[in-house]
Amino acid sequence: MQSKTKPSKNLFPIVKSLSLFIFLSLIFMNSIFAQVGFGEAEEINKKWKFILKDIEEGEQATLNDNKWKSVDLPHDWSIKQQLSPSLASATGYLPGGIGWYRKTVIIPKEKEGDKIYLYFEGVYNRSEVFVNGHLMGKRPNGYISFMYDVTPYIKYGEDNLVAVRVDHSKSVDSRWYTGSGIYRNAWLVYANPVHIAPWGVYAYPERQRKGYALQVQVDIENETESTSVLTVLNELRTQANKVVAKSSEKLTVEAGQTETTNTALQVSDPERWSINTPHIYTLRTMVYRDDQRIDEAITKTGFRDFTFDANKGFALNGEWMKVKGVCLHHDGGVLGSAVPHEVWKRRLLTLKEIGVNAIRTSHNPQAPDLYDLCDELGLLVMDEAFDEWEFPKRKWIEGWNVGTPGFQGSYDFFEEWGEQDLGDMVRRDRNHPSIFAWSIGNEVDYPNDPYSHPVLDGGGDTGFTQAIFGGYKKDAPDATRLGDIAKRLVKVVKQYDQSRPTTAGLAGVAMSNQTEYPFALDITGYNYTESLYDHDHAKYPDRVIFGSENRHDLNAWNAVTSREYIFGQFLWTGIDYLGESGRWPSRGFYSGLLDFGGFIKPRGYYRQSLWSDKPMAYLGTYPTPGRDARSQMNDVWSQLEAENKGGKYIEKVPSMDAWPIWNYNEGQLIRVVCYTNAAQAKLLLNGEEVGETKPYDEETGIIYWDIPYKDGKLEVVGMDKNGEHVSNYFIQSSNRPDAIKILSGEQAIRPGGVATVILQIIDKNGIPVMLSDDEIKCQIQGDAQLLGLEASNNSDMSDYTDNKHRVYHGRMIAYIKAGDSKGDISVRFSASWLKPAELQISVQ
């Protein structure tokens, strides 16, 4: 999308506190005001025809597609294929390919005279869109939302063929799993020829002596052959539907031109958007011509203030705080990249429960749903655009950081499309109050992948006593190019929004400091380089520094809490994701606080003990480490490190990855670990205290005991410094699996909605059987379909496309999507030798 919007004035001082009033998108089932900000939208997700094959003249109406598969959008074809060790580890051992989509739409005869647009939230990737055989355009970036004016090719009152060719034949074009196809929503948009421009409503606040003045900018396009005299109304309402401000402006727009109207809405003492209280207002923008309303945009809004300071860090609404962030990729395990709204909401709520307050969209713009949910739930967002710029990065084929890499990627269209992609991301997302920074790139400065600089040779005043990253490579691209590109991209961001800072995740900080790259940014992200915090804070005293990507160890978090000037960190990662896999068998990168199914992992509870203000305690166990011990950590980092050490493992600190299992051999020595934010804790076995009461360990954040195993109930009690009980957690020895239990599942959902059903294997006493790996079968009666079964076992490379799967740690989640009709759905879960479980879901 392109429009002639006027650049806003610079509103972002790094140190001075800025009152921000930013728009939050409102999504209705039949409206996308928030995404394109004009017209009347109609979702067209149902009944597409699809074939995973390149077809000659696939856009032509004469082609017979009767044998093509019928699919609904969002649709990710890669996740529906079989895992294979012959495919690339980078993309989760799943394939890409070329696919065609076709759909017939009828444009009502009464719409003749309107403008007709096709809007896609995301197509991965290298898409070509046709209407009635005519090419509308190509969009190579699979993460960017885009729109075409299809009006000249529409046959009103007749069938119109929409065809989309998706070319993901370069299937190893990413370091992680991307998915393939039209994996987000698609829409038709009807609009008057005189309408608000795409993403054409933008607002920013100015603090007054009493309250605020909300400056609202509205761009109007006139696609007629005559001048239009218009009235633009803006109306602001509270959550209680009380009007707090409104305005009316006259605007004349010449034929074929775009004009802008600016207005100030006076608002006194608003309730602010914050992490704990994300208060919402609603803005309604209406365009009238001759007293007839011809267009409208509805947007939800929220007030907030923030401050970035090189010495004090970050403040939201005047309160200094630490950003407790996580990086998130866009897949949903078995769901691939087509992740329903309900699934993301459950995941984000769980992250908030742990103590997370910020999300980094690694490393690309995500679906609009994610931002809407962060607005609604109170999560800060760092919106990121790119993982590579003009050159490709290494893509691992045989396992993470092993073997010979490939070099496919998105670099080949960066020069032509990069600035437009970035501008479209900013314009689409700039009205979300949750977004507090724009990231123009991630690790594009990784030394010798591909950029290089003489500083890598070390010596002199470089700060390095020897060559690093293999030393300077004279034939590699010059790292000084990074500064020029960064300045271009920052200029694009500032053209459309100057109310937020620009940033990037730097991997080679020491090398980049020799270029203009970090100096082009407003705030600077350091990936895994906590060791440079003090040095760079002293050398660049005006630089705002934060951890943009960090490991889970306590030292990395202590580097934040012990330094006022470091405003936070973003863990890699918040949720396990597909791709960037280790050697086969490995579905993905297993370092999340949550697993593929959105369940809290042990390290998630460990992080909760560090980040949550609510009293908590957790128990995990494993055999006490000895000579032949193995690490409890199964993430790809730990596996590769163990491989490089020849498989020899010595436990230096108690594990953050201990599962809540209490089934061992009688008398076996077991390490019991407790993650808690209590001052001290005691351990009870069958009601009797074992070991001694132990204080919180500041060095590791983990309390532990080594005790001989005995069947029964093991409980930890967290206490304050006075010995008062503040939290507890218990686990129990289980018998053989006896039954399937439904722990939770929606009793009622809307047509087209998704129910998430959580299952647990239990013994005859109702105790969870953590060691169970029983295969469960799901059967559905009624108008519904099984989207997938996810047990979150990273090494389970079996079939994920059918209706049966093995549980992992005795549990599983089932995703069930309702059809369009109302009524009841019956769901039955069964397994050999186990009592089944059934659930009734009402669709209403």
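For reference, positions follow the sequence shown, starting with 1. Note: hydrogens, waters and symmetry copies are ignored here, and every other heavy atom, side chains too, is used.
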Gap between atom [atom2] of [Y] and atom [atom1] of [X] - 0.5 Å precision:
| X | Y | atom1 | atom2 | answer |
| --- | --- | --- | --- | --- |
| I813 | I758 | CD1 | CD1 | 5.0 Å |
| L787 | L789 | CG | CG | 10.0 Å |
| I825 | I816 | CD1 | CD1 | 7.5 Å |
| S727 | M719 | OG | CE | 9.5 Å |
| F599 | R346 | CZ | CZ | 5.5 Å |
| M812 | E775 | CE | CD | 8.5 Å |

Under the 3.5 angstrom rule, does the side chain of [X] hit a backbone N or O of [Y] as a donor-acceptor pair?
| X | Y | result |
| --- | --- | --- |
| R607 | I354 | no |
| S826 | Q781 | no |
| Q608 | E353 | yes |
| N677 | S612 | yes |
| R360 | M382 | no |
| T573 | G592 | no |
| D799 | Q82 | no |
| Q680 | D720 | yes |
| Q760 | G810 | yes |
| N765 | I767 | no |

How far apart are the closest heavy atoms of [X] and [Y], and which atoms are they?
| X | Y | result |
| --- | --- | --- |
| L348 | L328 | CD2-CD1, 4.2 Å |
| H552 | S591 | NE2-O, 2.8 Å |
| R587 | G333 | NH2-C, 4.1 Å |
| S581 | G92 | OG-CA, 3.6 Å |
| W584 | Y93 | N-OH, 3.0 Å |
| H329 | W344 | O-CH2, 3.7 Å |

Heavy atoms, side chains only, cut-off 4.5 Å: are [X] and [Y] in contact?
| X | Y | result |
| --- | --- | --- |
| I79 | L578 | yes |
| Y664 | T621 | yes |
| L380 | I275 | yes |
| I566 | Y526 | no |
| M770 | I731 | no |
| V807 | I740 | no |
| N357 | M321 | yes |
| N558 | T561 | yes |

Determine whether the side chains of [X] and [Y] contain a donor N or O and an acceptor N or O closer than 3.5 Å.
| X | Y | answer |
| --- | --- | --- |
| D802 | Y800 | no |
| E746 | T756 | yes |
| S734 | N663 | yes |
| S609 | Y696 | no |

### Task
Walk me through it: do N276 and S274 pass the test side-chain hydrogen bond (donor to acceptor under 3.5 Å, both in side chains)?
CA-CA 5 Å; N276 295 322; S274 71; 5.7 Å; no
### Task
Run the numbers on W659 and Y622 for ring-ring contact (aromatic ring centres under 6.0 Å, His included), then give the verdict.
CA-CA 8 Å; W659 290 93; Y622 53 95; over 10 Å; no
### Task
I would like to know whether W662 and F730 meet side-chain contact (heavy atoms from CB on, under 4.5 Å); could you show each step before the answer?
CA-CA 10 Å; W662 194 236; F730 70 88; over 6 Å; no
So that I can tick it off, tell me whether [Y] and [X] are bridged by a salt bridge, with the cut-off set at under 4.0 angstrom between side-chain N and carboxylate O.
| X | Y | answer |
| --- | --- | --- |
| R551 | E530 | no |
| E688 | K710 | no |
| D738 | K835 | yes |

### Task
Would you please indicate if the ring centroids of F589 and W176 are separated by under 6.0 Å?
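No: the rings miss the under 6.0 Å criterion.
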### Message
I'd like to know whether the aromatic ring centres of Y675 and Y605 sit less than 6.0 Å apart in this structure.
### Response
no
#### Entry: Trace of the side-chain contact (heavy atoms from CB on, under 4.5 Å) decision for V356 with L593
CA-CA 10 Å; V356 172; L593 301 177; 4.1 Å; yes
### Query
Quick one: does NZ or CZ of K694 land under 6.0 Å from the six-membered ring centre of Y704, within 45 degrees of the ring axis?
yes
### Ring-face cation contact, Y533 with R563, 6.0 Å cut, 45° max
no
### Test applied, side-chain contact (heavy atoms from CB on, under 4.5 Å); reference residue, I703; option that passes from V673, V672, T676
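When V673, V672, T676 are each tested with I703, the side-chain contact (heavy atoms from CB on, under 4.5 Å) holds only for T676.
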### Task
Evaluate the side-chain contact (heavy atoms from CB on, under 4.5 Å) criterion for residues F546 and F570: first the C-alpha distance (whole Å), next the side-chain angles of each, then the deciding distance (0.1 Å), finally the verdict.
CA-CA 9 Å; F546 68 99; F570 288 85; 4.0 Å; yes
Around atom [atom1] of [X], are there more than 12 heavy atoms from other residues, nucleotides or ligands closer than 6.0 Å?
| X | atom1 | answer |
| --- | --- | --- |
| K741 | NZ | no |
| E319 | CD | no |
| E666 | CD | yes |

### Message
Just to verify, what does Y815 make a ring-ring contact (aromatic ring centres under 6.0 Å, His included) with, not counting sequence neighbours?
### Response
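Here no residue qualifies.
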### Query
How are the rings of Y577 and W572 set to each other: parallel, tilted or perpendicular (split at 30° and 60°)?
perpendicular
### Query
Using 30° and 60° as the class limits, which term best fits the ring planes of F596 and Y590: parallel, tilted or perpendicular?
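Tilted.
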#### Entry: Derivation of the side-chain contact (heavy atoms from CB on, under 4.5 Å) call for L351 and I359
CA-CA 10 Å; L351 287 172; I359 303 299; 4.3 Å; yes
### Task
Go through the steps for H805 and D796 under the test side-chain hydrogen bond (donor to acceptor under 3.5 Å, both in side chains), then give the verdict.
CA-CA 10 Å; H805 205 71; D796 186 344; 3.3 Å; yes
